[in-house]
Amino acid sequence: MTGRVRPSATHDVKPAGNRGGSCTKPPDPEPFVVGVCPGSLLRRVGAVPGPSHPALPRIPDFQEILVVMKNLIPALRETFSTRGSWMTGAVAFAVFLFVYLITLPATFTGGVIGFQAFAFLTPTLLAWSVFLAFLLAVLIPMTVYLLRRGYRARGAAGTAAGGLIVSLLTPLLCCSPVLPIAFGFLAGWIPVLAGGSGGVVQGFLATHESLFFSVSALLLMGALLWNAREITRQSCCAVPR
Amino acid sequence: MIPAQRLGFRVLLAGAFLFPFSTAAFAHTPLRAGMHAPQAVFRSGKRPVSLAAYHGKKVMLWLFSTWCPSCRAGLKTLPHEQTRFLAGHLHLIILENYENGGYPGPSLATMRNRYAKEIRGQPNWTFGHATRRLAALYNPKSYPDIFYLIHRNGIIQTVSSAPTAHLDTILDFAHG
């Protein structure tokens, strides 16, 4: 990125470096200078002090969500414009599909994961494995794309991690001895956890697995849209070479 | 490592921790391999049945909760090995956990009729409900799925869970 910061020459400008195609830039309240991306990049290097961050994340409204969803296709086009991204996505899909195929059936093996889990794969678990692996296969190249260009990806990475953890832990916790042991251990400090509390939690996990997989998928899709927003926001401000 | 890689590494570490923890958990139950199986009573239908009645027989005592998927899988899988169980003179006692492990689920009769119809009337299968005392002895931590392989002399040979994942152990015990 080139260009100097000229605070006295701030004015409303059209986004520079628009690479064609639709680029719906979310409204940016900050003034910025032609040729200089005002977003996180400058704040990252400390050239311009950023606005104070709110203590809690802001929940986007419907209009913002619509804008973000319109940005998904351009963001995907931008991310997967290189062979490297396709390779990263393919590898991520293969790895996570394998991980899900040996982990999701752990609900039938009492938490034991491994090749023996293949014998307990049901069509539902297979569908969830493919879907979740696909989401991660799209998400990881987008995250790598953002990080390589020095853009923000922390929030989306955290959301994606949440989705991954929820999807992997649900089958491991539901019918294994982990939760009863953990509850028994914690009951020393929190007596209400003694008795049947572990069973209630495990019973709920075991009978609502699809709910947890849906939450996991929503978290991953949220991370996807978050990344798409960052990619299109930054590419609208890119300086043409 | 970039943050995403660091995160993936942490998730893998957590999984690696959970896996051996779950399989080794039964090494620390109050009743362990090598101990005498204590006497207790369970209910089969409306009548009380004592475990002492099975002394001198090879027994698989399995306590499960009917909402547990690994228990359903076990109930589907075990009847397929009936021929080998009969050949090895293995008696299976299948008990619903006390208060079904604290969470509602289908009845034991429903589970038996849905997943284990083929072993109806077989002499080496006994279904029942664990009493509070039996649960306190054999499943004090309220695991949703736990089984004991008890030798003819009353000594516990194996404590484990999820019969489908440990079918080889059960079959070796039956033939031993």
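First the proteins, then the strands, lettered A, B, ... as listed; each starts at 1.
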Looking at CZ of A:Phe120 and NZ of B:Lys76, how far apart are the two atoms once the value is rounded to the nearest 0.5 Å?
-> 10.0 Å
Here the gap from B:Cys68 atom SG to A:Phe108 atom CZ, rounded to the nearest 0.5 Å, amounts to 10.0 Å
Do the non-hydrogen side-chain atoms of A:Gln202 and B:Trp67 ever get within less than 4.5 Å of each other?
-> yes
Kindly compute the distance separating OG1 (A:Thr107) from CZ (B:Arg72), expressed to the nearest 0.5 Å.
-> 8.0 Å
Among B:Pro163, B:Ala165, B:Ser65, the residue with the most heavy-atom pairs under 4.5 Å to chain A is B:Ala165
Specify the closest pair of heavy atoms between B:Ser161 and A:Gly110, including all atoms of both residues, with the distance to one decimal.
-> OG-CA, 4.5 Å
Would the number of heavy atoms belonging to other residues, nucleotides or ligands and lying under 6.0 Å from CZ of A:Phe118 be above 12?
-> yes
Taking atom OH of B:Tyr115 as the centre, does the number of heavy atoms from other residues, nucleotides or ligands within less than 6.0 Å exceed 12?
-> yes
Chain A contact via B:Thr164 - side chain, backbone, both or neither, heavy atoms under 4.5 Å = both
So do the side chains of B:Tyr103 and A:Val201 get within less than 4.5 Å of each other, counting heavy atoms only?
-> no
